Amino acid sequence: MEEILLQNKKHGMRTLFLSILAEIVAIAVLIVGGILMDTSSNPLGVALFVVGFIVMCVAWIPLVGLRVLKPQEALALTLFGKYIGTIKGEGFYAINPFCVAVNPASQTKLNQSGDVGHKPTTTTNENGALHLSLESVNKRISLKIMTLNNNRQKINDCLGNPVEIGIAVMWRVVDTAKAVFNVDNYKEYLSLQCDSALRNIVRLYPYDVAPGIDTTGDGIEDDGSLRGSSEVVASRIRAEIQERVKEAGLEIIEARITYLAYAPEIAAVMLQRQQASAIIDARKMIVDGAVGMVEMALERLNEGGLVQLDEERKAAMVSNLLVVLCGNHDAQPVVNAGNLY
């Protein structure tokens with residue numbers, strides 16, 4: 001179903017003025033007809049009274065079709081069940097009074113920007129029945145950019161590790177006819193598609209960089225990961241969601257990862273693993289630096305000819321220097337006051 005824009009409907013003020021004027025004239029004609037009927041049996045008085053009464057009963061009907069829209073709002077209209085078009089943009093509109101606005105998602109409240117602070121209010125009558133207030137039956141469709149913060153999901157990455165991840169999706173309605181008539185509820189539809197797309201993309205990536213992982217599907221291993229390639233992951237999630245909601249008349253502007261962490265049941269173990277990896281890397285750097293310093297010390301001693309050391313003494317010196325340079329604590333030097341040999 002394609003969207004049909006109704007043009008030349010911004011004459012609400014004119015319709016309001018003419019309807020009020022018609023009511024005033026009808027009341028005046030009704031009064032004149034009544035006066036003529038009382039004074040004489042003039043058929044003109046009866047005709048004026050009947051015409052005035054009919055006009056007074058009918059003149060208010062166009063007022064039912066008056067609609068006021070704010071910027072970035074729209075109404076999808078049906079006439080006796082048939083979609084006839086959509087009015088968009090700010091203005092005072094006059095439409096067919098028998099038209100009905102349709103928005104099946106008007107009462108759906110998700111965790112998104114457009115629903116914050118607009119919870120439907122209810123009242124209870126003496127019989128205990130609940131009635132929604134007029135605010136809750138607003139059928140206007142917002143065309144603004146909205147932000148959907150879906151609940152965090154627990155998903156296994158490509159290595160099988162459970163990961164908790166949350167995303168924020170910026171979206172808007174671009175085709176009101178598709179949004180209203182192609183799906184039952186476009187807000188719930190978007191939320192479900194976001195969950196599905198997020199799960200499909202996250203399972204292709206490891207949480208951190210891992211060897212032998214192909215995240216692009218080209219058969220070549222790469223360095224893609226959820227933590228290090230967040231921009232690429234978000235872009236793929238956005239494209240996946242857009243492909244799924246295209247038939248619902250929605251446009252996905254952007255998708256961003258708002259939360260990423262290991263699941264609580266393995267978070268402590270993974271933290272220890274990261275700490276162990278960091279300690280190993282630090283130790284490797286310390287050893288490399290210590291070996292370089294020992295080589296430099298031996299070269300300087302040989303160049304200056306200050307001390308002549310045999311291989312056994314060189315090995316002892318290297319061992320002592322490595323112990324001092326790689327130790328976790330400060331060295332406690334021992335001064336030998338006797339003979340070296």
Side-chain angles (χ1 to χ4, degrees), residues 1-5 69-76 83 86 88-89 102-118 138-158 163-205 207 215-217 224-261:
M1 180 174 291
E2 297 297 331
E3 183 181 66
I4 302 173
L5 291 180
L69 292 184
K70 301 175 184 177
Q72 296 297 319
E73 287 185 346
L75 279 178
Y83 172 67
T86 301
K88 286 185 177 182
V102 181
N103 184 7
S106 60
Q107 298 182 24
T108 302
K109 306 301 176 184
L110 301 176
N111 186 22
Q112 61 184 17
S113 56
D115 295 330
V116 176
H118 295 284
N138 183 12
K139 299 298 183 179
R140 292 178 176 86
I141 302 173
S142 176
L143 304 179
K144 302 175 184 177
I145 297 176
M146 305 180 71
T147 302
L148 172 63
N149 290 310
N150 253 17
N151 296 327
R152 297 174 185 173
Q153 292 192 70
K154 184 184 292 185
I155 306 172
N156 291 339
D157 65 1
C158 67
V163 176
E164 286 188 348
I165 185 170
I167 59 171
V169 179
M170 277 64 77
W171 65 281
R172 64 182 174 188
V173 177
V174 294
D175 192 311
T176 57
K178 289 182 178 180
V180 172
F181 299 109
N182 281 10
V183 294
D184 183 61
N185 188 316
Y186 63 87
K187 290 184 180 179
E188 292 183 353
Y189 181 80
L190 172 64
S191 179
L192 292 175
Q193 295 302 328
C194 288
D195 292 343
S196 177
L198 180 64
R199 187 173 297 276
N200 289 340
I201 298 301
V202 169
R203 66 181 178 84
L204 301 177
Y205 288 84
Y207 180 87
T215 61
T216 58
S225 66
L226 296 174
R227 191 168 66 93
S229 308
S230 58
E231 294 289 338
V232 177
V233 175
S235 178
R236 294 186 66 177
I237 293 174
R238 189 205 70 81
E240 179 84 6
I241 300 174
Q242 180 63 70
E243 183 64 25
R244 293 171 178 267
V245 301
K246 181 171 59 177
E247 289 301 319
L250 307 180
E251 178 188 3
I252 307 301
I253 299 173
E254 189 178 15
R256 290 289 179 183
I257 297 176
T258 57
Y259 181 84
L260 178 63

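What you see is a predicted model; the values in this text were computed from it and never measured. In this chain, residues are counted from 1 in sequence order.
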Search all heavy atoms of [X] against all heavy atoms of [Y] and return the closest pair with its distance.
X    : Y    : answer
V173 : Y186 : CG2-CE1, 4.0 Å
C194 : I241 : SG-CD1, 3.7 Å
E3   : D175 : CB-OD1, 3.4 Å
N103 : R140 : ND2-O, 3.1 Å
S106 : K139 : OG-NZ, 3.7 Å
A76  : T86  : CA-OG1, 4.0 Å

When S191 is tested against each of N151, N150, T108 for side chain to side chain donor-acceptor pair (under 3.5 Å), which residue passes?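 Of N151, N150, T108, side chain to side chain donor-acceptor pair (under 3.5 Å) with S191 is met by N150 alone.
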
Approximate separation, where rounding is to 0.5 Å, of [X] [atom1] and [Y] [atom2]:
X    : Y    : atom1 : atom2 : value
E254 : I145 : CD    : CD1   : 10.0 Å
I237 : S230 : CD1   : OG    : 10.0 Å
T176 : L5   : OG1   : CG    : 7.5 Å
K109 : Q107 : NZ    : CD    : 8.0 Å
E2   : F181 : CD    : CZ    : 13.0 Å
R199 : N156 : CZ    : CG    : 8.5 Å

In this structure, which one of N200, I201, V202, L226 forms a side-chain contact (heavy atoms from CB on, under 4.5 Å) with I155?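 Among N200, I201, V202, L226, the one that satisfies the side-chain contact (heavy atoms from CB on, under 4.5 Å) with I155 is V202.
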
Report yes or no: does [X] contribute a side-chain atom to a donor-acceptor pair with the main-chain N or O of [Y] at less than 3.5 Å?
X    : Y    : answer
Q193 : E188 : no
Q242 : I252 : yes
S229 : V232 : no

Any V245 side-chain heavy atom under 4.5 Å of Y189 side chain: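 In short, these two side chains touch, coming nearer than 4.5 Å.
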
Residue pair L190 / M146, side-chain heavy-atom distance below 4.5 Å: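 Result no, sub-4.5 Å side-chain heavy-atom pair not found.
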
Between E231 and R236, does the salt bridge (charged side-chain N to carboxylate O under 4.0 Å, His left out) criterion hold? Intermediate values first, please. CA-CA 9 Å; E231 294 289 338; R236 294 186 66 177; over 6 Å; no

